[in-house]
Amino acid sequence: MAISAKLLGEDEYIVVSTRTHWKALIFPVFLLLVVAAAGGFLAAIVPQGSLQTPARIAIGVVGLLVLLVFGAKPFLNWFFSTYTLTSRRLITRHGILTRTGRDIPLMRINDVSYEHGLIDRLLGCGTLQIESAGERGQVILPDVPHVEHMHLQMSDLLFGGPEGKPGDGILDDEAPPEHQRPRRAQSSGGDAATLFSSEDDDRR
């Protein structure tokens with residue numbers, strides 16, 4: 001499921017790697033149960049005679065074709081669709097025969113948010129929305145499992161957690177983008193601002 005270690009850069013490591021949510025398998029599994037039940041029922045009621053065996057074979061072939069056409073594709077799409085968050089990039093991979101992928105450097109991401117409706121909250125998934133500084137702008141990642149955890153991990157990498165330091169998406173020899181630079185307190189007179197507590201004021 002995770003990408004090969006050969007594709008990672010120096011000092012780059014995988015933070016989160018997951019397929020899209022298993023809710024994509026609900027329809028294929030439901031279809032499998034319906035086809036199996038219907039096929040077994042039809043095969044059982046075929047009258048005895050010389051055509052019984054060919055009829056049962058035909059029922060099995062039709063059921064198999066239905067599963068391949070309507071059930072296999074959603075399953076394969078789920079199996080080959082992955083989201084990987086590393087300390088440097090967000091990597092997406094999709095496709096069965098024709099593979100498509102995109103790598104988004106973390107230092108190009110301006111904002112990350114998520115949303116999930118009632119059904120997604122019950123199933124434990126959601127949609128991740130990413131605003132990047134690239135040409136494509138917004139990137140939507142649907143059906144992300146544990147989307148809140150993914151959002152938290154990305155926020156820590158991007159903004160450095162509660163300390164406010166640049167995240168791992170910034171290389172040591174690179175200046176962080178404007179939106180990731182820590183804000184410094186400025187005083188109106190140009191001198192360093194001095195803070196006094198209420199106790200200091202009383203002493204004065």
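The basis for the numbers below is simple: all heavy atoms, side chains too, and nothing from hydrogens, waters or symmetry mates.
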- Item | Interatomic distance, Ile130 atom CD1 to Ser113 atom OG [nearest 0.5 angstrom] | 9.0 Å
- With Ile140 via side-chain contact (heavy atoms from CB on, under 4.5 Å) - residues at least two apart: Thr127, Gln129, Gln138
- Message: Using the side-chain contact (heavy atoms from CB on, under 4.5 Å) criterion, which residues pair with Gln153? Sequence neighbours excluded.
- Response: Val15, Val16, Leu85, His149
- Rounded distance [0.5 Å steps], CD1 in Ile96 versus CZ in Phe75: 10.5 Å
- Message: Donor-acceptor check, side chain of Ser17 to backbone of Thr84, threshold 3.5 angstrom: yes or no?
- Response: no
- When rounded to the nearest 0.5 angstrom, what is the spacing between CG in Leu158 and CZ in Arg108? 13.0 Å
- Item | Pairwise salt bridge (Lys or Arg N to Asp or Glu O under 4.0 Å) hits with a residue in residues 20-29, at least two apart | Lys23-Asp120, Lys23-Asp143
- Measure the shortest side-chain to side-chain distance between Arg88 and Met107 over non-hydrogen atoms and say whether it is less than 4.5 angstrom. no
- What heavy-atom pair brings Thr18 and Pro145 nearest, and what distance separates the two atoms? OG1-CG, 3.5 Å
- Message: Can you list everything that forms a side-chain contact (heavy atoms from CB on, under 4.5 Å) with Leu67? Sequence neighbours excluded, please.
- Response: Leu31, Leu32, Val35
Show every donor-acceptor pair shorter than 3.5 Å between a side-chain atom in residues 45-61 and any protein atom, with sequence neighbours excluded, or say none if there are none.
from	atom 1	to	atom 2	distance (Å)
Gln52	NE2	Val46	O	3.4
Arg56	NE	Ala43	O	3.0
Arg56	NH2	Ala43	O	3.3

- Query: Pairs in or reaching into residues 35-45: which pass side chain to side chain donor-acceptor pair (under 3.5 Å), with residues at least two apart or in two chains?
  - Reply: none
- Within 45° of the axis and under 6.0 Å from the centre of the six-membered ring of Phe79, does NZ or CZ of Arg19 qualify? yes
- Message: Considering only residues two or more places apart or on different chains, which pairs with a residue in residues 44-71 satisfy ring-ring contact (aromatic ring centres under 6.0 Å, His included)?
- Response: none
- Query: Are any non-hydrogen side-chain atoms of Val139 and Arg102 less than 4.5 angstrom apart?
  - Reply: yes
- Item | Backbone of Leu25 reached by a side-chain donor or acceptor of Trp78 within 3.5 Å | no
- Message: Hydrophobic clusters here meaning ILVMFWY residues chained together by side-chain heavy-atom distances under 4.5 Å, can you tell me if Val69 and Leu64 are in one?
- Response: no
- Could you grab the distance from atom CG of Leu76 to atom CG of Leu97, nearest 0.5 Å is fine? 8.5 Å
- Item | Set of residues satisfying ring pair (Phe, Tyr, Trp, His ring centres under 6.0 Å) with respect to Tyr83, sequence neighbours excluded | His94
- Task: Go through the structure and list residues passing ring pair (Phe, Tyr, Trp, His ring centres under 6.0 Å) with His21, not counting sequence neighbours.
- Result: none
- Query: If two hydrophobic side chains count as joined below 4.5 Å and joins carry through other members, does Tyr13 share a cluster with Met154?
  - Reply: yes
- Are the side chain of His151 and the backbone of Val112 linked by a donor-acceptor contact shorter than 3.5 Å? yes
- Query: Atom OH in Tyr114, atom SG in Cys125: separation rounded to 0.5 Å?
  - Reply: 13.0 Å
- Residues passing the side-chain contact (heavy atoms from CB on, under 4.5 Å) test with Leu152, sequence neighbours excluded, are Asp156
- Query: Minimum heavy-atom separation for Ile109 to Ile104, with atom names?
  - Reply: CG1-CG2, 3.8 Å
- Phe27-Leu68 co-clustered via ILVMFWY side chain contacts under 4.5 Å: no
- Who passes salt bridge (Lys or Arg N to Asp or Glu O under 4.0 Å) against Glu12, sequence neighbours left out? Arg89
- Minimal non-hydrogen separation, Gly71 against Pro74, with atom names: O-CD, 3.4 Å
- Task: Look up atom CG in Asp103 and atom CD1 in Ile91, then write down how far apart they are to the nearest 0.5 Å.
- Result: 4.5 Å
